[in-house]
Protein chains: 2
Amino acid sequence: MSQALIRKLQNFVKLSATDQRALERAGSERVRRIGPHEDIIREGDKPSSVMLIVDGWACRYKYLEDGRRQIVGFFVPGDICDLNIFLLKEMDHSIGSLTEVLIADISRESLETLMGVSQRIAQALWWDSLVSLAIQREWTINLGQRDAVERMSHLFCEMFLRQQSAGRAQISGCEFPVTQAELGDATGLSTVHVNRTLQQMRSAEMITLHNKRLVIHDLDALMRQAMFNPNYLHLGRDGAHLDAND
Amino acid sequence: MSQALIRKLQNFVKLSATDQRALERAGSERVRRIGPHEDIIREGDKPSSVMLIVDGWACRYKYLEDGRRQIVGFFVPGDICDLNIFLLKEMDHSIGSLTEVLIADISRESLETLMGVSQRIAQALWWDSLVSLAIQREWTINLGQRDAVERMSHLFCEMFLRQQSAGRAQISGCEFPVTQAELGDATGLSTVHVNRTLQQMRSAEMITLHNKRLVIHDLDALMRQAMFNPNYLHLGRDGAHLDAND
DNA sequence: CGCCGCTTTGATGGAGATCAACCTTCGTGG
DNA sequence: CCACGAAGGTTGATCTCCATCAAAGCGGCG
């Protein structure tokens, strides 16, 4: 169930069989199914559990008063929403599904058990939340400094590597079940311009986005184009000194 | 020394005298002075302690390969850089001073002590890190959806309220020791356009920015202009049920 | 006094928004 | 099995906000 999460965390530290079982258990306690394009939790709601995306894509977003919408992040399988979220009285943004989604709710208690039992798991989860923060910073940079082609290239690199780090990509590419309108909300571009940018990237033979699949023809070129530096994903086994040895 | 931090945390939960003393102690162990416009820690460096800004302003930023720079956040007195930062092998961005800055380094050990001794402090610090995350999301929204006037208005509202929540603002305004070039790096606008936008806001009698001071003539109007919703700062005493009663 | 960092001004150009159609695909039900 | 409708993708024309370039003012400090 939470294979993607486990795979991802192992980019930080090697987990023991016991650790993995504990994660499996926490991630399969209460699983619910959400249809595509539904709200999972809304701005103003009280968050009551930590959510783990088991399958499907979702996104965080927020509307401005006048109806403009910004998607501030994507969730892919293995992603967790904020660890300490139940400290807050209400959500300041919404989370909605893009595809059909499977969500595991992890109660405050089982999270505390999980992190109390294994120091290694606790640290891996903290690492994951630091990476999420770094991703958010990178989105800020993306919107602040890059032009349309660079922005989309950067987003594609990120989503590809993130899925790859969770064991969910192929050499050629990965899933990408996002409409052009949603891509616009995520990149701060109009739908029309997203369309034109995609055409440009396609004719430059960088990528193809079709049928909810992203095919990357030349990852190195794409990364150069985007000035993509993967350092912020911290995939370098930073916790190796804590590795389990069974 | 860490009055600003204490004041800020009390927007979440009322701290006991003991809590406050513990924070004071942790925040005055090792304090260092940094000159204006120096790097405090650089991309690639290994973070070794959690830093608390005791006085002055600093910012997080990152350069793209081609020299463009994005400031992704400001630090004001009472702000803490990421709590678990020592889990990472290297910084993915830099932190630099804007003014002269006093920094308290909090070692991993004293942080653990601090959070171990008082559940209330631990939760307050986690709350603070959730707020930082929300701020980062809001910057993403700001750059993605707002135009120049709205962006700058939003930034002014945020920095005013953040300083106010730490007891560091007056009714009329607050410190704002940021050059127009730096404002440009933070808002994703050119220096020239920042200048013109400021003039426009000044002649609309919204704000004046002069001598490193921000004067807000009509906060409500400014907030409306920016479509500023303060919910993301979570200043509503979300942890009131944990209040100390001495 | 003179210099350096910061702010201000004017002129020009371009990336991307907006508006308004039209096309394509695919699922649904008659 | 085809018709229809809705959602998503594509196109062209026009406009605007903001970047860029270049130069000139300003003010505080050595």
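Both backbone and side-chain heavy atoms feed into the values below; hydrogens, waters and symmetry mates do not. Lettering of chains follows the sequences in order, A, B, ..., and the numbering in each one begins at 1.
Applying the salt bridge (Lys or Arg N to Asp or Glu O under 4.0 Å) rule to B:R69 yields the partners B:D185; only residues at least two apart in sequence or on another chain are considered. In terms of the salt bridge (Lys or Arg N to Asp or Glu O under 4.0 Å) criterion, B:E175 has no residue partners (sequence neighbours excluded). For A:F74, the ring pair (Phe, Tyr, Trp, His ring centres under 6.0 Å) test picks out A:W57, A:W139, with sequence neighbours left out. For A:D66, the salt bridge (Lys or Arg N to Asp or Glu O under 4.0 Å) partners at least two apart in sequence or on another chain are A:R68. Annotation: salt bridge (Lys or Arg N to Asp or Glu O under 4.0 Å) contacts of B:R33 (sequence neighbours excluded): B:E100.
Looking only at side-chain heavy atoms (C-beta outward), A:I141 and A:R146 come within less than 4.5 Å of each other.
Among residues at least two apart or in separate chains, salt bridge (Lys or Arg N to Asp or Glu O under 4.0 Å) pairs with a member in residues 71-83 of chain A are A:K8-A:D79, A:R60-A:D82, A:D79-A:R162, A:D82-B:R137. Residue pairs satisfying the ring-ring contact (aromatic ring centres under 6.0 Å, His included) criterion with at least one member in residues 204-224 of chain B, sequence neighbours excluded, are absent. Applying the salt bridge (Lys or Arg N to Asp or Glu O under 4.0 Å) test to pairs two or more places apart or on separate chains, none has a residue in residues 187-213 of chain B.
Within 4.0 Å (heavy atoms only), A:T179 reaches sugar-phosphate atoms of the nucleic acid but no base atom. Using a 4.0 Å heavy-atom distance criterion, A:G188 is classed as a sugar-phosphate-only contact.
The bend of the helix from C:dC1-D:dG30 to C:dG30-D:dC1, defined by the angle between the axes of its first five and last five pairs, stands at 30° to the nearest 10°.
A side-chain donor-acceptor contact under 3.5 Å links B:Q136 and A:T140. Counted by atom type alone, B:E138 and B:N142 present zero donor-acceptor pairs between their side chains at under 3.5 Å. At a cut-off of 3.5 Å, with distance as the only test, no side-chain donor of A:E43 or A:Y63 sits close to an acceptor on the other residue.
Within a 6.0 Å sphere centred on CZ of B:R30, other residues, nucleotides and ligands contribute more than 12 heavy atoms.
For the pair B:L189 CG and D:dC18 P, the computed distance is 7 Å after rounding to whole Å.
Contact footprint of chain A on DNA chain C: nucleotides with an atom under 4.0 Å from a non-hydrogen protein atom, first to last in 5' to 3' order, C:dG16 to C:dC19.
For the segment residues 191-216 of chain A, the set of residues with a heavy atom within less than 4.0 Å of an atom of DNA chain C comprises A:V192, A:H193, A:R196, in numerical order. Of all the residues in residues 142-159 of chain B, not one reaches under 4.0 Å from DNA chain C with any non-hydrogen atom.
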